[in-house]
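See below for the structure under consideration.
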Number of protein chains: 2
Amino acid sequence: MLEERKKKVLKAIVEEYINTAEPVSSNSIVNNYDLNYSSATIRNEMADLEKIGLLEKTHTSSGRVPSEKGYRYYVDELIKEDNISLEEVKYISDKLETKVNEIEELTKIAANTISEVTHYTAVSIGPKTNKQIIDNIKFVLLNTRMMLAIILTDAGLVKETIIKFDEDVNEKQVETMNYMFNNKLKGEPIEKIDRPLEEYLYDEMTYSVKVIKPVIEQIKKALGEEQLHLEGANKSFELPEFNSLEVAKNFVNILDKKDLVEDVLESGLAEDINVYIGEENKQDELKDFSVVTFKHKVGDKDLGTIGIIGPKRMDYSKVISVMKYINKKLKDIE
Amino acid sequence: MLEERKKKVLKAIVEEYINTAEPVSSNSIVNNYDLNYSSATIRNEMADLEKIGLLEKTHTSSGRVPSEKGYRYYVDELIKEDNISLEEVKYISDKLETKVNEIEELTKIAANTISEVTHYTAVSIGPKTNKQIIDNIKFVLLNTRMMLAIILTDAGLVKETIIKFDEDVNEKQVETMNYMFNNKLKGEPIEKIDRPLEEYLYDEMTYSVKVIKPVIEQIKKALGEEQLHLEGANKSFELPEFNSLEVAKNFVNILDKKDLVEDVLESGLAEDINVYIGEENKQDELKDFSVVTFKHKVGDKDLGTIGIIGPKRMDYSKVISVMKYINKKLKDIE
DNA sequence: TTTTAGCACTCTTCATTTTTGATTGCTAAT
DNA sequence: ATTAGCAATCAAAAATGAAGAGTGCTAAAA
């Protein structure tokens, strides 16, 4: 347990560093934060905080910079109040009130809003489908060789996909499919659309493999496609840490790897807001960045995940407050 | 009209510069290209080419760099043969053979392929819908307050969109809508879904505005949404010109502005391949970049546009060859 | 007339040195 | 326990200098 004054010093240094991106000197916090001690006293405290690994120096005569452990302590112990202004609350409420017909659309809007308010890069991904319960499957014949499959889940998710055939298909066949698929799948989780089901259907239906196979294949493909979305990639480039070409390049590379970003969004374990600082990230590529994510959930229903990827020197207090507020708002909507 | 030797010198300089990104000296092209003259002779030619504005110097004692006019001359007059290898042809053919059910998907794959083969950043956008002829409109009731609208066009495009209602809707209403919309719109271009049509439908149908209005609104919205797609943003960052932070930042900013990229893709006027070099771009933001685009078209049917955004020092010969080949292949598929 | 060898001149790049200034840690006084 | 004061440290910026790549021009050669 840290003494009260040490906490104050650490908090001041973290916040000053978040603001300026420059190593923080003993003098600068004496002047700008209400610590009525001389710089020498602060220096002693800083030396202590460095000893227990919460601060770091870039070189012997430089100011201090928070270590990852320092940020972690700050996030866990030193941010108490919400850091969100009335204007921001208003702005967020307004944007989330847009009428949308699809959950994915809402998630995108939320990601966009977070990026706008925090000035960091946001990513989002639609709901994980494979655990969702199938409520209804509809097939609609578009023409003799083209059909639309529509899958509705209990979470209110609607997925459509086009299926093309190599031979003509008629209404009667589609009706049978409608019956068979619903009969077999209604109430089951989406992941049930698997190998055994395929075989069952081959057996059960008299229609050729040429008809059933593309249906199953395409449905699986469509449901598997995670729709990744990116907001405000350019915003990060305004930050001083992105003046290093290496950092900028790494960042672009990360955003370009969809699998990686997906993995980042999916690896959040906490109930509400996940914060991963630098090396805490499971992904090697992210060890110089911080990530904050949350799952948009109503009950057990997973409706998508939204995250921010930014520098370790991230305004955690703002980001977490905004995310909490948006998460709450989203729950209200659904 | 340029003398033959001057053409050779210009070609050599442009190609050397495309390869090395370094100002080209008289010596380097004497050694590496088959110009059997002394460096002094080449220097004289270079001075002449500079006088007529095809070359530039970065400072008095530096080698030459092509001017935009120089690149233009190179593109228009100096690239004759296709610059595409057997391996590349094979690679492209293989990738385009992937079975896809939607045109947008095919366009994405094509964009990805172009990016892979040329190592530049590719962007693509789905077809402009408003001129397409409506072949069929289908409405499918998903539940009492949710409906799916499916629009098929003569170009083989299928667009679906979900529509939510504030009041319950029944099958009979949907049937009437099916009839009315098709009756009024089949054979008409999509842009016909406009104000007069709305009013006509309000009059003609007995259902409340609460039902008709969201249908029209949402259909218009869904059809208006251009699906922008990006491939290989990170590839550009490997190029030496992107070592300048300013250039890198500009580039990220461009890619982030969807309207701008859309505009870039849409502003191609040429019949097949459009090449815009630096200041030739209508968009201010692109004056330090070059853009090559083409429209994926079958007959009059617009099926999407694909483009590359890269440095002015772009391998025009490779990019144009690859695009021509892919364009041809795409036509074969449809 | 065209081409080229040769050389002075220009300018960038890179490495090295010097200067400046911010900041610390320590010591001794408060 | 706190702080004033000061030497020591180190990065960043500025200044200096040497090396080298490339040109343009002139006068000779083809």
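Note on naming: letters A, B, ... go to the chains in the order of the sequence lines (proteins, then strands), and numbering restarts at 1 for each one. Quick note: numbers below take in every heavy atom, side chains included, and nothing from hydrogens, waters or symmetry partners.
- Between the NZ atom of B:Lys6 and the C1' atom of C:dT2 there is a distance of 12 Å, rounded to whole Å.
- The distance between atom CG of B:Leu35 and atom P of C:dT2, rounded to the nearest whole Å, is 18 Å.
- One finds no side-chain N or O of B:Ser62 lying less than 4.0 angstrom from the OP1 or OP2 phosphate oxygen of C:dT12.
- Not counting sequence neighbours, the partners of B:Tyr325 by the side chain to side chain contact (heavy atoms under 4.5 Å, CB included) test are B:Ile84, B:Val89, B:Ile92, B:Ser93, B:Lys328, B:Lys329.
- If you check the side chains of B:Thr293 and B:Thr305, you find no donor sitting under 3.5 Å from an acceptor.
- At a cut-off of 3.5 Å, with distance as the only test, no side-chain donor of B:Tyr33 or B:Glu15 sits close to an acceptor on the other residue.
- Distance A:Met46 CE to C:dA22 C1': 13 Å, rounded to the nearest Å.
- The distance between atom CD of A:Glu45 and atom P of C:dG25, rounded to the nearest whole Å, is 13 Å.
- For B:Arg64 and B:Glu50, the salt-bridge test passes: some basic side-chain N is under 4.0 Å from an acidic carboxylate O.
- Here chain A contacts DNA chain D (any atom closer than 4.0 Å to a heavy atom, that is under 4.0 Å), and the contacts span D:dT2 to D:dA11 from 5' to 3'.
- Ionic pairing of A:Lys6 and A:Asp48 is present here: one or more N-O contacts between side-chain nitrogen and carboxylate oxygen are shorter than 4.0 angstrom.
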Reading nucleotides 3-11 of chain C from 5' to 3' and marking B where a protein heavy atom lies under 4.0 Å of the base, S where only the sugar-phosphate is that close, and - otherwise, the string is SBBB---BB
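- When each of B:Lys258, B:Gln283, B:Lys282, B:Lys257 is tested with B:Asp263 by the rule side chain to side chain donor-acceptor pair (under 3.5 Å), just one qualifies, namely B:Gln283.
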Is there a side-chain hydrogen bond (donor to acceptor under 3.5 Å, both in side chains) between A:Tyr316 and A:Ser290 once you walk through the steps?
-> CA-CA 9 Å; A:Tyr316 296 100; A:Ser290 279; 2.7 Å; yes
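- With salt bridges taken as basic N to acidic carboxylate O contacts below 4.0 Å, none links A:Glu116 and A:Lys95.
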